[in-house]
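Here it is: the structure, laid out below.
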Amino acid sequence: MKEFLRELTIQADNPGVSTGQNQWAGHGKVLESYSPVDGHCIANTQVASREDYDAVIRQAQVAFEVWRLKPAPLRGDIVRQMGQQFRQHKQALGQLVSYEMGKSLQEGLGEVQEIIDICDFAVGLSRQLYGLTMQSERPDHRMYEQWHPLGVVGIISAFNFPVAVWSWNAMIAWVCGDVCVWKPSEKTPLTGIACQNIIREVLRNNEVPEGVSCLVLGGREPGEWIASDARVALVSATGSTRMGKAVAEATGRRLGRCLLELGGNNAIIITPEADLAVAVPAIVFGAVGTAGQRCTSTRRLIVHEKIYEDLKQRLQKAYTQLRIGDPMEATHHVGPLIDQQAVDDYQAALETIKAQGGTFVIEPGTLTGSGYESGCYVRPCVAEVENHWDIVQRETFAPILYLIKYATLEEAIALQNGVPQGLSSAIFTLNMREAERFLSAAGSDCGIANVNIGTSGAEIGGAFGGEKETGGGRESGSDAWKTYMRRQTNTINFGHSLPLAQGITFEL
Ligand code: UN1
């Protein structure tokens, strides 16, 4: 068995139902987990049945009764201890992320670093859950607001950031006094189990019920249970727009809250005044990092006609240097796609690009032979297209970059905004007017807009999320915590009479 699995106390050996030792193993069907790195079966996990799910929610509700009464700074202290544990297990968990999901070890370690960082952020936040005080219009009255815990927060996360996105939600929710029920992607259950093992120990050491952190394994079904369950106060879901619409409908029907972080179709505008030496690595990392499977991946490059040919050549040169292979080996830039289905989707997209009239300036392909046995390794490619084409309007979760030409900045911004999604965007320019126009109310319509850095790789300190079909939710830093709490406005009369607001008189 691999050492990092042992360290994370995952009883994962092929074959056999091997997560039975974990408290959170369910009684539903058995899920086989394959690594896209080498195609091996890592473990079999048993997903949650409806009864398992109900038991978990009940446990979460009981834990909430205790957790919500703990002063927020003490909750913060427990989150601080979690951060310490993640520091200790950074290497092993980073390796598991890389092995189970297929992203480079650097990026796997980066995800664990995000957990550590959001823990630190949440610890500070635990003393800063501020409400405002307002001036009352009535004499001898005081008016203020406070923020109370919401309850059970359901977290539905995606395979591409199997642990970081969970932690943005969970750590913030915990200092806010909520309890969490996490359904990781069915493609990455083991990282979920590993995190649960780490958290469980911290909770136990602090004599806090484990129900503060609950895990539900499975695919679409438990996701639907969470979304339609009135016991779940907030559903934070990351994934496809299709999934997000289903979650929004189900939570909307019961007037529950949801926080959606869905697809992106992120563009970089390259103006004639860009520093191309900085732009090229940003473009390539944005397009091929995580094999193009980030919601923030760069999918479209909107390039001024004057520098179009020059940039195309620079990209061709840069792409020939890309090394594709085992992501756990530091020399490789690009790992595999998550599974065979993703490879099929990549290939189908290539066909559609050709059919719609696109030309490849960097050729695609699927890799076979030694080192590529899993069948999930593909070549990052670049195609010249038009923005309005169907395929360009869609998010294909693969390393396919579209090249689009523009003449004026207004046109470039219109192209950038001319897609249904609105997550991340960037401009490369050293011209202050261009940059400020891009960031103005008439500029990018995305939740994230960058200057001289790429579309992906956001820091945890900012609020993360996007507009339009990206779902409108904000997670992680800034004041995203407010979504995880309920606001209560309090008015207190410390006088001897009852003056009414708006000057209304009411005498008996
Ligand atoms: C995602 O792909 O769901 O900004 C999140 C980034 C990462 C998060 C991506 N920090 O690229």
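Note that ligands are numbered from 1 as they come in the structure, with each ligand's atoms numbered from 1 the same way. Computation of the quantities below employed the complete heavy-atom set of this structure, encompassing side-chain atoms and omitting hydrogens, waters and symmetry-equivalent molecules.
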Charged N-O contact under 4.0 Å between Glu224 and Lys183: no

| query | What orientation do Trp225 and Tyr53 show, parallel under 30°, tilted 30 to 60°, or perpendicular over 60°? | reply | tilted

Are Tyr34 and His40 close enough that their ring centres sit under 6.0 Å apart?
-> no

TODO: May I ask whether Glu459 has any heavy atom positioned less than 4.0 angstrom from an atom of ligand 1?
DONE: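 Heavy atoms of Glu459 never come under 4.0 Å of ligand 1.
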
- Message: Between ligand 1 and Glu261, can you find any atom pair, the residue atom being a heavy atom, that is separated by under 4.0 Å?
- Response: yes

| Residues that Phe121 engages under ring-ring contact (aromatic ring centres under 6.0 Å, His included), provided they are two or more places apart |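 ring-ring contact (aromatic ring centres under 6.0 Å, His included) list for Phe121, sorted by chain: empty.
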
- When you measure from atom 6 (C) of ligand 1 to each heavy atom in Cys295, Gly457, Gly465, Gly462, which option holds the nearest one?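 Among Cys295, Gly457, Gly465, Gly462, the closest heavy atom to atom 6 (C) of ligand 1 comes from Gly457.
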
Fill in: Glu469/Lys245 salt bridge by N-O under 4.0 Å criterion
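Salt bridge: yes.
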
Near Asn160 (heavy-atom distance under 4.0 Å), the atoms of ligand 1 are 1 (C), 2 (O), 3 (O)

Atoms in ligand 1 flagged as close to Arg294, the criterion being non-hydrogen separation under 4.0 Å
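Under 4.0 Å from Arg294, ligand 1 has these atoms: 2 (O), 6 (C), 7 (C), 11 (O).
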
Looking at ligand 1, does Phe159 have a heavy atom less than 4.0 Å from it? no

By side chain to side chain donor-acceptor pair (under 3.5 Å) - contacts of Thr296 (at least two apart):
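Expected list: none.
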
Original post:
At what distance is the nearest protein heavy atom to atom 9 (C) of ligand 1, and which residue and atom is it?
Top reply: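 Protein heavy atom with the smallest distance to atom 9 (C) of ligand 1: Phe161 CE1, 3.5 Å.
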
### Message
Side chain or backbone, does Thr238 bring an N or O within less than 3.5 Å of an N or O on ligand 1?
### Response
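N/O-N/O distance under 3.5 Å: no.
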
Quiz prompt | Thr296-ligand 1 polar pair, N/O distance under 3.5 Å | solution =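 In this structure, Thr296 places an N or O atom under 3.5 Å from an N or O of ligand 1.
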
Close N or O approach (Trp168, ligand 1; < 3.5 Å):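 No; every N/O pair is 3.5 Å or more apart.
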
- N/O separation below 3.5 Å, Ala458 to ligand 1: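 Yes; at least one N/O pair falls below 3.5 Å.
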
Only one of Arg87, Gln81, His89, Met82 passes side-chain contact (heavy atoms from CB on, under 4.5 Å) with Gln85, and that residue is His89

| Is Arg486 salt-bridged to Asp178, going by a charged N under 4.0 Å from an acidic O? | no

